[in-house]
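These numbers come from the heavy atoms of this one structure, side chains and all, not from hydrogens, waters or symmetry mates. Naming: A, B, ... by sequence-line order, numbering from 1 per chain. Worth saying up front: this structure is predicted, and the values here are computed from it rather than measured.
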Amino acid sequence: MAEAATAEAGRDFIRDIIQADLDSKKHTQIVTRFPPEPNGYLHIGHAKSIALNFGIAQEFAGRCHLRFDDTNPTKEEQEYIDSIQADVRWLGFDWGGHLYYASDYFEQLYQWAELLIQNGLAYVDDQSQEEIRVNRGTLTEPGKNSPFRDRSVEENLDLFRRMKAGEFQNGARVLRAKIDMAAGNINLRDPVLYRILHAHHPRTGQAWSIYPSYDYAHGQSDAIEGITHSICTLEFEDHRPLYEWLLDKLPVPAKPRQYEFARLNLTYTLLSKRVLTELVRGGHVNGWDDPRMPTIAGLRRRGVPPAAVREFVKRIGVAKANSVVDVGMLEFCIREELNRTAPRRMAVLRPLKVVIENYPEGQSEQIEAVNHPDDPAAGTRTLHFGREIYIERDDFMENPPKKFFRLSPGNEVRLRYGYFITCREVVKDAAGEIVELRCSYDPATRGGNAPDGRKVKATMHWLSAQDAVPAEIRIYNQLFQKPAPEAANFAADLNPQSLEVLTGALVEPSVAAATSAEPMQFERQGYFVRDRDSSADRLVFNRTIGLRDTFAKEVAKG
RNA sequence: UGGGGAAUGGUGUAAUGGUAGCACAACAGACUCUGACUCUGUUUGUCUUGGUUCGAAUCCAGGUUCCCCAGCCA
């Protein structure tokens, strides 16, 4: 399943720092961590972080821990803990035995909190949430000290222990670090270390009624695990002084360093957890693994190979400048990987019946087709050919423009691996809709070449009417119709055409026989993968991505 | 002068005082039993103003623009 990750040592400022730390002997082994909060599914932005942290561990012969930052039981669920592990594995990374939870350290964290109190560095604040907010000041005005800031160590200890014992209601009190209410950096204005939360925790159950904040738990967890380089995104840059303050005041076993990089942004895509969650809960998509979702689960279901995701995050690099990557870059990586690996098959998405009038009734034959034009080792397969076939509706035009090379009245084209055919007659129904084409074929062109050397300008895919298998095919387009959708009002930017379901499609028998979810190229169409909605009597395929289509671009230009 | 960060083609990212490179995109062409793939070529860039230097994307000074921070979220 999870193939081995083969990250190469691409260079970036973080790897430069690590190399320097190794060279100077500051560290002899590098330890990183990927610390997701289990409150949602992983998305492609996380893939960047995962590849960075696990990739660094591989390249520098260190290790990378998977640590769940489970400090807020009101938002976290076991479902997410499970999906995150599955997604990291699918991406091809392995944490070995190093699976941890911040909740593993709750007792130690608590003891250290008492120590802070004893050293006069933390106090219990009885102010309401509102009072704390008001007294924190603003971006340009300093805050005011809490009236409870100078309680005695004994009183603080007593109160904190009673908070732990569950004596108080949610929000009644918090434990705060005593730093500086006038600090320009708001994170240093006596940040909250513990809050009262009477909630069921996925791992510790009802054992605790107080929970550490991210700021308090994260750095200490890093230290406990011996993390050398704690890599996070830019918005935590302001937290670094607090991260270091805590590490400095506590008897931690190590002093990890925090480094920040710019998170991934993609055109036509929103990656905020809030939006993703609302997309799912609001029914705008069909679950976290809807193929239109930028989640890892969505990409997987859509048929995107993990190697393509890895290649993508490698290509975009790691830097400190905010940026928005063109989603076309991701699409390129997907096509590149799939073109290399996907076996070729034929499928007709919108069938148009063709009767080859001069092909003898009742006759049929077997035709050999290659599975991959660039890989002879992929072998061949047999296709059935007969008098009645189906071609793609888009491949016929009754009144074609000049540059249309496909089938049209009187025009000769090649059926891939089959024969040259020429359109003789267009059959329409009462409504004027084209329902059938009458064509003739040249028996001498079997296999696709004319002995007289004449050329055709188009080669088309086709399926024998006799053994084509019905299938449903789901075509996905961008979930958002604007390059830069607005997170605040994302519903307005949703693309109403993001999902198109083709129920009358046909696939060749070998496609129907495939049981695994391996990606395939339907020739001239794109890459497809069998969806899990398939059953014994119903075939469903997702289009992972279409082939590049320069003809469509030409048409669009007019 | 609240604090913290960032500015290199359309996009992303290199160059660590010495020829501004790579990839994607775009455009043009070649090839082709997939209008795919592949190949060839082209266009486009150092935020700004000064300074230091033989030489500046890089160092210095000023300016401009953008991003983050006022959760008992992470």
Side-chain angles (χ1 to χ4, degrees), chain A residues 10-12 16 35-37 39 69 71-72 74-76 125 127-129 132-134 136-143 170-176 182-189 191-197 210-211 213-215 217-218 232-241 260 262 264 267 273-274 315-333 335-336 339-340 344 346 369-370 373-374 403-406 413-418 420 447-449 455-461 521-526 546-555:
Chain A
R11 281 293 160 188
D12 53 67
D16 287 346
E37 183 193 11
N39 68 342
D69 232 327
T71 57
N72 186 353
T74 65
K75 293 188 174 172
E76 298 153 4
D125 194 345
Q127 291 183 105
S128 69
Q129 191 161 352
I132 289 179
R133 186 179 65 73
V134 169
R136 186 154 28 224
T138 68
L139 294 180
T140 52
E141 297 161 319
N170 287 359
R173 286 175 233 265
V174 290
L175 182 73
R176 291 229 257 172
N185 181 344
I186 289 175
N187 293 297
L188 262 18
R189 316 237 267 228
V192 170
L193 266 23
Y194 270 92
R195 72 278 213 200
I196 298 169
L197 244 35
I210 55 172
Y211 289 90
S213 62
Y214 162 85
D215 283 311
H218 201 91
C232 61
T233 44
L234 254 27
E235 67 269 30
F236 293 102
E237 222 155 3
D238 285 345
H239 295 242
R240 195 169 63 224
E260 310 86 12
L264 170 67
T267 57
K273 257 187 197 176
R274 193 208 105 228
R315 280 184 188 238
I316 60 176
V318 177
K320 290 199 72 158
N322 287 311
S323 61
V324 184
V325 177
D326 190 334
V327 74
M329 176 70 85
L330 206 213
E331 296 177 339
F332 170 83
C333 293
R335 288 194 182 101
E336 181 185 48
N339 176 55
R340 201 170 59 75
R344 313 284 124 122
M346 291 207 276
V370 308
D374 304 323
K403 288 196 190 139
F404 186 85
F405 304 143
R406 284 109 93 147
V413 299
R414 171 168 41 227
L415 294 177
R416 179 139 230 224
Y417 304 121
F420 284 11
N449 288 299
K455 303 284 186 205
V456 289
K457 283 188 130 167
T459 299
M460 296 170 14
H461 59 283
Q521 182 193 103
F522 290 168
E523 294 210 37
R524 302 209 306 134
Q525 297 288 355
L547 256 27
R548 269 186 86 228
D549 190 349
T550 49
F551 175 65
K553 209 187 294 178
E554 190 93 1
V555 171

Determine whether a donor-acceptor pair (one donor, one acceptor, N or O, separation below 3.5 Å) exists between the side chain of A:His461 and the base of B:rA36.
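No, no donor-acceptor pair under 3.5 Å.
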Quiz question: going by heavy-atom distance under 3.5 Å, is there a donor-acceptor pair between the base of B:rU34 and the side chain of A:Gln525?
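When only heavy-atom distances are counted, A:Gln525 does not reach the base of B:rU34 through any donor-acceptor pair under 3.5 Å.
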Taking side chain as C-beta onward, heavy atoms only, is [X] less than 4.5 Å from [Y]?
X	Y	result
A:Arg173	A:Ile210	no
A:Val370	A:Tyr417	yes
A:Asp238	A:Ile186	no
A:Phe332	A:Arg315	yes

Just call it for [X]: base, sugar-phosphate, or nothing, with non-hydrogen atoms closer than 4.0 Å on any strand.
X	result
A:Ser323	sugar-phosphate
A:Gln127	base
A:Asp16	base
A:Phe404	base
A:His239	base
A:Asp215	nothing
A:Arg406	base

Would you kindly give the [atom1]-to-[atom2] distance between [X] and [N], to the nearest whole Å?
X	N	atom1	atom2	result
A:Asp374	B:rC39	CG	C1'	13 Å
A:Asp326	B:rA23	CG	P	16 Å
A:Leu264	B:rU11	CG	P	16 Å
A:Arg133	B:rC73	CZ	P	14 Å
A:Arg189	B:rG4	CZ	P	13 Å
A:Arg335	B:rC37	CZ	P	8 Å
A:Asn187	B:rG4	CG	C1'	10 Å
A:Arg414	B:rU34	CZ	P	7 Å

Looking only at side-chain N and O atoms, does A:Lys455 come under 4.0 Å of OP1 or OP2 in B:rU32?
no
Quick one: is B:rC73 close enough that its OP1 or OP2 comes under 4.0 Å of any side-chain N or O from A:Thr71?
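Result: no.
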With rounding to whole Å, what would you report as the distance between [N] and [M] at their [atom1] atoms?
N	M	atom1	value
B:rU40	B:rC31	P	15 Å
B:rC27	B:rU44	C1'	11 Å
B:rG18	B:rA57	P	10 Å
B:rG17	B:rC59	P	9 Å
B:rA28	B:rG63	P	47 Å
B:rU38	B:rC24	P	9 Å
B:rU8	B:rG21	C1'	11 Å
B:rA20	B:rG55	P	15 Å

State whether a side-chain donor-acceptor pair under 3.5 Å links A:Thr459 with A:Arg416.
no
Which nucleotide, if any, forms a Watson-Crick or G-U wobble pair with [N], using both distances under 3.5 Å?
N	value
B:rA23	B:rU11
B:rA61	B:rU49
B:rA56	none
B:rC39	B:rG29
B:rC66	B:rG5
B:rU16	none

Could you check whether A:Glu260 pairs with A:Arg240 (Lys NZ or Arg NE/NH1/NH2 to Asp/Glu carboxylate O, under 4.0 Å)?
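Yes, charged N to carboxylate O under 4.0 Å.
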At what distance, to the nearest 0.5 angstrom, does NE2 of A:His218 lie from OG of A:Ser213?
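A:His218 atom NE2 to A:Ser213 atom OG measures 12.0 Å (nearest 0.5 Å).
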If you round to the nearest 0.5 Å, how far is CG of A:Asp215 from CG of A:Leu193?
8.5 Å
Can you identify which nucleotide, out of [options], has its nearest atom closest to the [X] side chain?
X	options	answer
A:Arg548	B:rG5, B:rA26, B:rU11	B:rA26
A:Ile186	B:rA26, B:rG12, B:rG2	B:rG2
A:Tyr214	B:rU13, B:rA74, B:rC69	B:rA74
A:Asp12	B:rA26, B:rA14, B:rA70	B:rA14
A:Arg344	B:rC24, B:rU34, B:rA70	B:rU34
A:Arg315	B:rC73, B:rC24, B:rU34	B:rC24
A:Thr550	B:rC72, B:rA36, B:rU34	B:rA36
A:Ile316	B:rG12, B:rG5, B:rC72	B:rG12
A:Ala319	B:rA14, B:rC72, B:rU34	B:rA14
A:Glu523	B:rA74, B:rA26, B:rU34	B:rU34

With no hydrogens and no angle check, is any side-chain donor or acceptor of A:Arg189 less than 3.5 Å from a backbone partner on A:Arg136?
yes
With nearest nucleotide decided by heavy atoms, which residue, A:Phe405 or A:Gly137, maps closer to the 5′ end of RNA chain B?
A:Phe405
Please figure out whether A:Glu237 or A:Met460 has its closest RNA chain B nucleotide nearer the 5' end.
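The 5'-side residue here is A:Glu237.
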N/O contacts under 3.5 Å, protein versus nucleotides 28-30 of chain B?
none

Provide a list of protein-nucleic acid N or O atom pairs under 3.5 angstrom, restricted to nucleotides 64-68 of chain B.
from, atom 1, to, atom 2, distance (Å)
B:rC67, O2', A:Asn322, ND2, 3.0

By centroid distance (under 5.5 Å) and plane angle (under 30°), are A:Phe551 and B:rG35 in a stacked arrangement?
yes
Could you walk me through whether A:Arg414 and A:Asn449 pass the side chain to side chain contact (heavy atoms under 4.5 Å, CB included) check?
CA-CA 8 Å; A:Arg414 171 168 41 227; A:Asn449 288 299; 4.1 Å; yes
N-glycosidic conformation, B:rG50 - syn within 90 degrees of 0, else anti
anti
Using 30° and 60° as the class limits, which term best fits the ring planes of A:Phe236 and A:Tyr214: parallel, tilted or perpendicular?
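The rings of A:Phe236 and A:Tyr214 sit tilted, inter-plane angle from 30° to 60°.
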